[in-house]
Trainee: 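Here's a structure for you.
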Amino acid sequence: MNEKARIAVFASGSGSNFEALENACREGELDAEIVLVMTDKPASFVVERARLTDIRVVALEPKAFPSKQAYEEALLGILREEDVEWIALAGYMRLIGPTLLAAYPSRIVNIHPSLLPSFTGKDAIGQAIAHGVKVTGVTVHLVDAGMDTGPILAQVAVPVVEGDAEKTAQAIQRIEHVIYKETLQKLILTNGGVHS
Ligand code: GRF
């Protein structure tokens, strides 16, 4: 019963959230083990970060597959090899399709740099600044078929640094690196056990 939850992190970008989760696992703040890092972008910096660890890194490009279903079936095969129980999206820039959603019901989590339902999709921080909002934030939510639409698990508000996307992004990332590990820890504690 003391087995750690097995997490796959999906990422397409710099991987700072992956790194924060990996630190949390190592330091015992998150009762989990990241057993796989999957990226759809082989050149992304997350690959370099992950290669500094012992974690298996897989780069699978959707364009190498005839369909999204075939892509996700290939992913599923790898997830099953590693007995993955939870998928944490961390800057993964693709919609999850029916194949993975059916295999991991309520077991796929995403972090998004806005107070959802505001500013879904790409460049949420740029959207917030363009709209002139004074407060934006971070949301952790379960993933469904929509874009950033699933049930919300946690939110933290972050003030916008007026006109400065860079500083606002830095403030958001500081919060992300705390809220993601905390939310995953709560989720894992209340929903233990291996998916069937
Ligand atoms: C984060 O801001 C996350 O909220 C969004 O993509 C960004 C990923 O950053 N979904 P990183 O690659 O983890 O540094």
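The analysis underlying the following values was restricted to heavy atoms, covering all of them including side chains, and did not include hydrogens, waters or symmetry mates.
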Trainee: Just by modelled atom types, is the K4 backbone N or O under 3.5 Å from a matching donor or acceptor in the E33 side chain?
Mentor: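 Such a contact is absent between E33 side chain and K4 backbone.
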
Trainee: Compute whether any side-chain donor of one residue and acceptor of the other, for R49 and S14, lie under 3.5 angstrom apart.
Mentor: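 Indeed, the side chains of R49 and S14 share at least one donor-acceptor pair under 3.5 Å.
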
Trainee: Please check: side-chain N/O of T168 versus main-chain N/O of V161, any donor-acceptor pairing under 3.5 Å?
Mentor: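 Judged by distance alone, yes, a pair lies under 3.5 Å.
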
Trainee: Taking D148 for the side chain and G121 for the main chain, is one N or O donor matched with an acceptor at less than 3.5 Å?
Mentor: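 Yes: the side chain of D148 pairs with the backbone of G121.
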
Trainee: Working note: K41 + E61, criterion salt bridge (Lys or Arg N to Asp or Glu O under 4.0 Å); need CA distance, chi angles, decisive distance, verdict.
Mentor: CA-CA 7 Å; K41 293 205 161 48; E61 290 185 279; over 6 Å; no

Trainee: When rounded to the nearest 0.5 angstrom, what distance separates CD in E19 from CG in N17?
Mentor: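 One gets 10.0 Å once the value is rounded to the nearest 0.5 Å.
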
Trainee: Would you call the rings of Y92 and F10 parallel, tilted or perpendicular if under 30° counts as parallel and over 60° as perpendicular?
Mentor: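 Judged by the thresholds at 30° and 60°, the geometry between Y92 and F10 is perpendicular.
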
Trainee: Kindly say whether I34 contributes a backbone atom to a donor-acceptor pair with the side chain of E82 at under 3.5 angstrom?
Mentor: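 The answer is no, because no donor-acceptor pair under 3.5 Å joins these two groups.
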
Trainee: Can you measure from CD (E176) to CD1 (I172) and round to the nearest 0.5 angstrom?
Mentor: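 Spacing of CD (E176) from CD1 (I172) equals 7.0 Å.
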
Trainee: Is there a path of hydrophobic side-chain contacts, each under 4.5 Å between heavy atoms, that joins L153 and I111?
Mentor: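 Yes; I111 is reachable from L153 via cluster members.
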
Trainee: Take K181 and E29 through the test salt bridge (Lys or Arg N to Asp or Glu O under 4.0 Å) and record every step on the way to the result.
Mentor: CA-CA 8 Å; K181 66 183 177 189; E29 296 171 299; 3.4 Å; yes

Trainee: Check the pair Q173 / S16 against side chain to side chain donor-acceptor pair (under 3.5 Å), numbers first and verdict last.
Mentor: CA-CA 8 Å; Q173 288 235 310; S16 73; 3.0 Å; yes

Trainee: Let me see the working for E85 and I7 under side-chain contact (heavy atoms from CB on, under 4.5 Å), right down to the final yes or no.
Mentor: CA-CA 6 Å; E85 298 163 89; I7 297 180; over 6 Å; no

Trainee: Just how far is it from atom CD of E81 to atom CG of L76, taken to the nearest 0.5 Å?
Mentor: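 Interatomic distance, E81 CD to L76 CG, rounded to 0.5 Å: 10.5 Å.
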
Trainee: Should L21 and F45 be counted in the same cluster of Ile, Leu, Val, Met, Phe, Trp and Tyr side chains packed under 4.5 Å apart?
Mentor: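 No, because L21 and F45 fall into different hydrophobic clusters, even though each may have its own neighbours under 4.5 Å.
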
Trainee: Distance check, rounded to the nearest 0.5 Å: S106 atom OG versus W86 atom CH2?
Mentor: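 Output value for this atom pair is 8.0 Å.
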
Trainee: Run the salt bridge (Lys or Arg N to Asp or Glu O under 4.0 Å) check on E182 and K186 step by step: do they pass?
Mentor: CA-CA 6 Å; E182 289 181 353; K186 279 188 207 146; 5.6 Å; no

Trainee: Answer yes or no: is there a donor N or O on one side and an acceptor on the other, between the side chain of E72 and the main chain of G97, under 3.5 Å?
Mentor: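 Present.
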
Trainee: Answer with yes or no whether the hydrophobic clustering places V109 together with L115; edges join I, L, V, M, F, W, Y residues whose side-chain heavy atoms lie under 4.5 Å apart.
Mentor: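 No.
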
Trainee: How long is the span from the CD atom in E22 to the CG atom in L30, to the nearest 0.5 Å?
Mentor: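 Between E22 CD and L30 CG, I get 10.5 Å after rounding to 0.5 Å.
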
Trainee: Could you check L142 against L187 for side-chain contact (heavy atoms from CB on, under 4.5 Å), going step by step and ending with a plain yes or no?
Mentor: CA-CA 10 Å; L142 291 177; L187 197 61; 4.3 Å; yes

Trainee: How many angstroms lie between atom CD of Q127 and atom CD1 of I129, to the nearest 0.5 angstrom?
Mentor: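 So the CD of Q127 and the CD1 of I129 are separated by 11.0 Å.
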
Trainee: Among residues two or more places apart or on two chains, list those pairs meeting side chain to side chain donor-acceptor pair (under 3.5 Å) that have a residue in residues 149-166.
Mentor: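 Applying side chain to side chain donor-acceptor pair (under 3.5 Å) to every pair that reaches into residues 149-166, excluding sequence neighbours, yields T139-Q155, D144-T149.
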
Trainee: Below 6.0 angstrom between ring centroids: does that apply to H131 and F119?
Mentor: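 Close enough - the centres of the two rings lie under 6.0 Å apart.
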
Trainee: Is there a donor-acceptor pair closer than 3.5 Å between any side-chain N or O of T39 and the backbone N or O of P42?
Mentor: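 Here the side-chain-to-backbone pair does not exist.
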
Trainee: Are L100 and Y71 connected in the hydrophobic side-chain network, where two residues link if heavy atoms are under 4.5 Å apart?
Mentor: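 Same cluster: L100 reaches Y71 through Ile, Leu, Val, Met, Phe, Trp or Tyr contacts under 4.5 Å.
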
Trainee: Write out all pairs satisfying ring-ring contact (aromatic ring centres under 6.0 Å, His included) with one or both partners inside residues 157-191, taking only residues at least two apart or from two chains.
Mentor: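 Applying ring-ring contact (aromatic ring centres under 6.0 Å, His included) to every pair that reaches into residues 157-191, excluding sequence neighbours, yields nothing.
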
